[in-house]
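Quantities reported herein were computed from a predicted structural model and do not represent experimental measurements.
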Amino acid sequence: MSDPWDGPAGQGTRSRGARVPRQRGAEPDDARPPGGRAAARAASRARGGRRSRRARPVRRGRRLLKILGISLSLLIVVTAGAGWWFYEHLNGNIHSVSLDGKGGTEKADGFGRTPINILVMGSDGRTSATDCKLGGGCSKTGVQTGSNADVEMVLHISADRSNATVMSIPRDTMTQVPACRDSESGQSTNGYYGQINSALQYGPACQVATVHQLTGIPIDHFVKLDFSGVVKMSDAVGGVSVCVSDDVYDTYSHLKLSKGTHTLKGVAALEFVRSRHGFGDGSDLGRTVSQHIFLSAMIRKFKSAGTLTDPAAVYHLADAATRALTVDDGLGTVKKLISLADDVNKVPTKRITFATMQTAADPGDSDRVVVGPGAKSLFATIANDQALTTGSGKKSAAASATAKARSGATASAVPAAGIAVTVENGTGITGRASALATALTGQGFSSATTTANAPSPAGSTSLTYGTGDKAAAQTVAKALGLPGSHLRQGTGSGLTLVIGSDWPSGTSYPGGSSSPAPADTEAAVGGAHASTADQARTCAKVSPYKTVTYGGVPMTPSQAYAAARNKPDSDA
């Protein structure tokens, strides 16, 4: 049966007289509104109006999507702008100074990789009201100018980033300070013999040059912190956990702690790293060891889970670091500092070795020290990019026999320690003779090696030897990478190295085949109080000597702690 609405071609038709069958649930005919077609059209328009009102939420939804899209775009722009502002803000915090090539240049290894050597300095400067308050000593002078590098550490990161060495140089070390001029203050010196930390008075580049001259280690960069910088950094990491072997009260740095483990922030952290009367023998030597304990703990915290994954923590850390540091222009951007942090982060804590330069008493002043015999081996391991730990983190024990085997069969029968060289500067470049002489003594040649200016400028480097000294000259030439064609036999005695303009920089002759014999790493760590950054249970040893006074009475730091019962502890 066909549907009565179907017509030809599927179009609905209806005869004039036919009635549409009523469907169940439909409205009865008498319920239709009167008015015929006009009424129907009005009703249709009314229904259309209702359809129009139903469409409004769709248009509102489209408007909301549009607003949301605009808002997201604005958010992206604002976020990008904030990121750029943050980056520029951090860059603006950094104060950088040029080294002007004062620290020498590192050589790449056979794979083109280059080690990194950074001099980390802690300044004792009271150059602001904040540092005067933290460091004291400004009651009569007020804010001061100039500063000393009371903390000096050479941070060496190996070319392959598998290991690192941190070598502290005691501030009381006596050495030759070269001619320097501070580009910022205008302070200058023609050079002098004095305490190593005093070189900072002539600018960070002068301190770098002094350490380079003393050790023969090329120094690529420097990082300097003042008192307030230590406070900011320790606060930014949320405190540093340290342990002391006994009750301690250093009445000079004001550090007061009970026996055991403490988390130190702010001023308490500064008191700990400044304490020289509280630990060891009460001298700067004991202080370097406690500083190594503090830095080891800080490194472990940096590497611990969560420290560098919390955006807020990272911001505060980055802001504090860039505000706290003065660096060379090679580290003068956030990008470069991040790259450096990444290089340090690649080194496992068990392969980060802390050591203190070996010293001997200064014959002319019992309160000062000079470079000790073992220090030359320690310098050489760093300069030669040798690890002081094995892959397992144990101390490397390369003996002298191994070094001799590696140096080749043509080595002279004359030991390096018995060979003294007169090094003459024929280049006109200040400090060249000192740099080469230091490099030689750093490789174990005699401390009787001396420096001088050549009688006249020299275009080519030469090594002149006296009768019977040829073998010794060959040993020197091998150590410096100097080709045999530069050796000359003279009529006098001894060895004289004249540095020509063909060797303007570096401690290995350009294009030469220098392959320095590996240093004896066992000797390098001997007497250096060596430790590694993974040693979390090491406590700073409180001095058993009467190194402090309380109430005018000499006491040990532990006795002073007991006597000062009413004084709060530093971490209280």
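- Considering all non-hydrogen atoms of both residues, A375 and Q358 come closest at CA-OE1, 3.2 Å.
- Heavy-atom neighbours of K541 NZ from other residues, nucleotides or ligands within 6.0 Å: at or below the threshold of 12.
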Could you please spell out the steps behind the side-chain contact (heavy atoms from CB on, under 4.5 Å) verdict for V151 and Q291?
CA-CA 9 Å; V151 176; Q291 288 170 349; 3.4 Å; yes
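- No side-chain donor-acceptor contact under 3.5 Å links R488 and T464.
- Looking only at atom types and distance, the side chain of Q535 has a donor-acceptor partner in the side chain of T532 under 3.5 Å away.
- Remark: M121 CE to D150 CG distance equals 12.5 Å, nearest 0.5 Å.
- N190 CG: 12 or fewer foreign heavy atoms inside a 6.0 Å radius.
- Other residues, nucleotides and ligands contribute over 12 non-hydrogen atoms within 6.0 Å of the NZ atom of K346.
- Here the CD1 atom belonging to I219 is positioned 6.0 Å from the CG atom belonging to L119, to the nearest 0.5 angstrom.
- Across all non-hydrogen atoms, the minimal contact from P115 to H156 is CB-CE1, 3.6 Å.
- In this structure, the side chain of T210 engages the main chain of C206 through a donor-acceptor pair within 3.5 Å.
- Counting heavy atoms of neighbouring residues, nucleotides and ligands inside a 6.0 Å radius, atom OH of Y252 exceeds 12 of them.
- Contact of the T381 side chain with the T165 side chain is not registered, since no non-hydrogen atoms from C-beta on lie closer than 4.5 Å.
- Under the 3.5 Å distance criterion, the side-chain polar atoms of S543 are matched with a main-chain donor or acceptor of G280.
- Side-chain atoms of D226 and S123 form no donor-acceptor pair, as typed in the model, at a separation below 3.5 Å.
- Counting only distance, with no hydrogens or angles, the side chain of D469 and the backbone of A473 share no donor-acceptor pair below 3.5 Å.
- Taking CG of D329 as the reference point, atom CD1 of I94 lies at 11.5 Å (rounded to 0.5 Å).
- For the atom pair CG (L285) and OG1 (T359), the distance works out to 4.5 Å, reported to the nearest 0.5 Å.
- Nearest heavy-atom pair, N197 versus E152, reported as atom, atom and distance to 0.1 Å: CA-OE2, 3.6 Å.
- Across all non-hydrogen atoms, the minimal contact from G506 to R432 is O-NH2, 3.0 Å.
- Ion pairing between R287 and D250 fails under the 4.0 Å rule for side-chain N and carboxylate O.
- For S501 against P504, the heavy-atom pair with the smallest separation is O-CD, 3.7 Å.
- A heavy-atom distance below 4.5 Å is found between the side chains of I118 and L340.
- Residues R181 and Y202 have side chains not in contact (no heavy-atom distance under 4.5 Å, counting atoms from C-beta outward).
- Counting all heavy atoms, side chain and backbone alike, A205 lies closest to S98 at CB-O, 3.9 Å.
- Two residues are said to be in side-chain contact when any heavy atoms from C-beta on lie closer than 4.5 Å; V240 and V242 meet this criterion.
- Looking at heavy atoms from C-beta onward, F379 lies out of side-chain contact with T438 at the 4.5 angstrom threshold.
- Of the possible donor and acceptor atoms, none in the side chain of H529 sits under 3.5 Å from a partner among the backbone N and O of T356.
- Counting only distance, with no hydrogens or angles, the side chain of T173 and the backbone of P170 share a donor-acceptor pair below 3.5 Å.
- Looking only at side-chain heavy atoms (C-beta outward), L482 and L497 come within less than 4.5 Å of each other.
- No donor-acceptor distance shorter than 3.5 angstrom exists from the side chain of E106 to the backbone of I116, with no hydrogens or angles considered.
- Here the rule is side chain to side chain contact (heavy atoms under 4.5 Å, CB included) with M357, and of V371, T288, V369 only V371 fits it.
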Go through L436 and I499 one step at a time and tell me if the side-chain contact (heavy atoms from CB on, under 4.5 Å) criterion holds.
CA-CA 9 Å; L436 268 295; I499 310 166; 3.9 Å; yes
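- Contact annotation: the side chain of H486 approaches that of D502 to within less than 4.5 Å [non-hydrogen atoms, C-beta and beyond].
- Counting heavy atoms from C-beta on, the side chains of V154 and M167 come closer than 4.5 Å.
- Judged by distance alone, with hydrogens and angles left aside, the side-chain atoms of T449 form a donor-acceptor pair with the main-chain N or O of S446 at under 3.5 Å.
- Taking the six-membered ring where the residue is Trp, F354 and H292 present tilted rings, their angle falling between 30° and 60°.
- For the pair D328 (side chain) and F222 (backbone), a donor-acceptor distance under 3.5 Å is present.
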For D172 and R276, run salt bridge (charged side-chain N to carboxylate O under 4.0 Å, His left out): C-alpha distance rounded to whole Å, both residues' side-chain angles, the deciding distance at 0.1 Å, then the answer.
CA-CA 12 Å; D172 298 330; R276 62 179 290 168; 3.2 Å; yes
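- The main-chain N or O of M153 is never found under 3.5 Å from a side-chain atom of S168 such that the two would form a donor-acceptor pair.
- Taken from CG in L331 to CG in D220, the straight-line distance is 9.0 Å, to the nearest 0.5 Å.
- Between the side chain of S275 and the main chain of S253, no donor-acceptor pair closer than 3.5 Å is present.
- To the nearest 0.5 Å, atoms CG (N384) and CD1 (I217) are separated by 10.0 Å.
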CA sep, side-chain torsions, deciding dist, call: R300, D534, side-chain contact (heavy atoms from CB on, under 4.5 Å):
CA-CA 7 Å; R300 290 193 299 272; D534 62 329; 5.5 Å; no
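- Surrounding NZ of K376 are more than 12 heavy atoms belonging to other residues, nucleotides or ligands, all under 6.0 Å away.
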Taking it one step at a time, do T496 and E424 satisfy side-chain contact (heavy atoms from CB on, under 4.5 Å)?
CA-CA 7 Å; T496 300; E424 296 184 352; 3.9 Å; yes
